[in-house]
**Q** 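If you scroll down you'll find the structure; I have some questions about it.
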Amino acid sequence: MENSRFLLIALFGLVLFFPSCGGDEDNPDADDSSVVNPTPLAAFDEFNIDAVLVSFDGDEITIESNGLPNHTSPYWEETNPLYIEPVVAAHLTPGRIGGDRSFTLTVPAAPELATTSSATGLGPIGISVTGVPIFNDTEGPNRPLEEQIAETFDYAGAHNGPSGYHYHVESTDVPENTALSHDDEKLVGIMADGFLLYGRREMDGSYPTDLDGSGGHYGETIHSNGEKIYHYHIINEYYLGSIVVLFGGDLRGTPNNIL
Ligand SMILES: [Zn+2]
Ligand SMILES: [Zn+2]
């Protein structure tokens with residue numbers, strides 16, 4: 001009698017002493033959206049090393065690109081080995097890939113969601129794994145990607161403009177496309193707020209169902225090694241019947257300038 005009472009008191013003391021025992025630390029349903037995990041470094045192995053230099057400096061990561069893709073396009077000069085006849089483009093915008101360009105983006109190694117989201121502007125809003133800058137869903141001030149513009153995209157979802165060759169939409173599934181994300185879970189690039197942009201699917205092949213208006217959510221990716229990170233997906237929605245915009249929403253983190 002005396003012994004069992006002592007045992008009860010001892011057990012009670014243990015629970016008080018280790019309050020986390022049986023707590024919700026390992027509860028998969030617990031809301032972990034306040035956890036900020038660093039961007040997995042493995043993601044940067046996906047970038048085209050001929051065009052992109054990634055440097056790590058403490059709590060910052062700098063991505064520097066010359067904007068020259070490692071895939072074929074009708075936007076290359078015809079003398080370039082990567083030049084091909086147009087596969088999907090009905091006509092081309094003026095200018096060709098090349099020139100002495102550079103795009104530099106410095107982001108926090110562990111980006112955080114901002115209290116307010118930011119609309120994207122004209123010009124680069126991210127840098128893709130090929131090194132080509134990512135543009136949004138407009139082609140000029142208040143000018144959406146209308147049919148005549150969509151006709152100028154090559155199979156990579158890009159065309160040429162005053163600031164060079166750039167992507168607006170997801171690549172097309174043609175035999176010529178051997179590298180770029182098309183309706184899959186591959187890494188597409190990194191956005192100006194430091195969050196990664198993935199293809200339309202999750203790593204298990206399913207389409208995510210809990211995306212916010214920017215295509216973002218918390219979850220694992222092929223690079224995060226089981227950790228949940230905030231990341232964007234290409235939203236699985238067709239525009240003008242056949243094209244899928246890479247990123248048409250607001251940035252949920254703090255945008256950094258791409259210079
Ligand atoms: Zn454009
Ligand atoms: Zn995801």
Side-chain angles (χ1 to χ4, degrees), residues 32-33 35 37 39-40 42-43 46 67 69 73-75 88-97 101 103 111 113 120-128 132-171 181 183-191 195-236 239-240 243-249 252 258:
D32 53 5
S33 59
V35 176
N37 284 313
T39 301
E46 309 278 0
S73 171
Y75 282 101
V88 296
H91 51 95
L92 301 183
T93 50
R96 291 293 172 264
I97 298 171
R101 298 183 195 281
F103 303 92
L113 290 175
T120 59
L122 301 174
I125 61 167
I127 295 177
S128 75
V132 171
I134 296 169
F135 278 38
N136 67 12
D137 58 347
T138 60
E139 182 58 9
N142 302 314
R143 190 174 178 205
L145 297 178
E146 61 239 20
E147 201 77 54
Q148 303 94 293
I149 297 166
E151 286 172 2
T152 66
F153 295 141
D154 61 8
Y155 76 74
H159 64 179
N160 207 62
S163 55
Y165 182 74
H166 55 271
Y167 298 142
H168 284 280
V169 300
E170 192 192 51
S171 72
S181 169
D183 193 14
D184 59 25
E185 75 298 340
K186 284 184 194 166
L187 183 67
V188 173
I190 187 165
M191 303 307 296
F195 291 122
L196 299 171
L197 171 65
Y198 285 88
R200 285 189 253 165
R201 293 179 191 260
E202 293 282 49
M203 51 194 284
D204 67 1
S206 67
Y207 292 112
T209 55
D210 60 346
L211 299 180
D212 59 32
S214 304
H217 70 165
Y218 275 93
E220 296 174 37
T221 76
I222 48 175
H223 303 107
S224 69
N225 207 9
E227 297 283 345
K228 290 189 174 179
I229 56 168
Y230 183 84
H231 59 278
Y232 299 115
H233 286 274
I234 298 174
I235 297 177
N236 186 34
Y239 183 76
L240 297 177
I243 63 175
V244 179
V245 169
L246 286 181
F247 192 90
R252 298 282 162 152
I258 299 179

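As the structure is a prediction and not an experimental result, all values here were calculated from the model. Note that ligands are numbered from 1 as they come in the structure, with each ligand's atoms numbered from 1 the same way.
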**Q** Can you check whether His223 and Tyr198 have ring centres sitting under 6.0 Å from each other?
**A**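 Yes, close enough.
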
**Q** Name of the Glu139 N, O or S atom nearest the Zn ion (ligand 1)?
**A** OE1

**Q** Please determine whether a side-chain nitrogen of the Lys or Arg among Arg200 and Glu170 lies less than 4.0 Å from a carboxylate oxygen of the Asp or Glu.
**A** yes

**Q** Would you please say whether a donor-acceptor pair under 3.5 Å links the side chains of Asp154 and Tyr165?
**A**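 The criterion, which ignores hydrogens and geometry beyond distance, is satisfied for Tyr165 and Asp154.
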
**Q** Using 2.8 Å as a strict upper limit, say whether an N, O or S atom of Glu220 approaches the Zn ion (ligand 2) that closely.
**A** no

**Q** Which atom name does Glu202 have for its N/O/S atom nearest to the Zn ion (ligand 2)?
**A** OE1

**Q** Hey, what's the angle at the Zn ion (ligand 1) spanning NE2 (His166) and NE2 (His168), nearest 10 degrees?
**A** 100°

**Q** Would you say the side chain of Phe135 lies within less than 4.5 Å of the side chain of Leu122, judging by non-hydrogen atoms?
**A**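 With C-beta onward as the side chain, the pair stays apart.
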
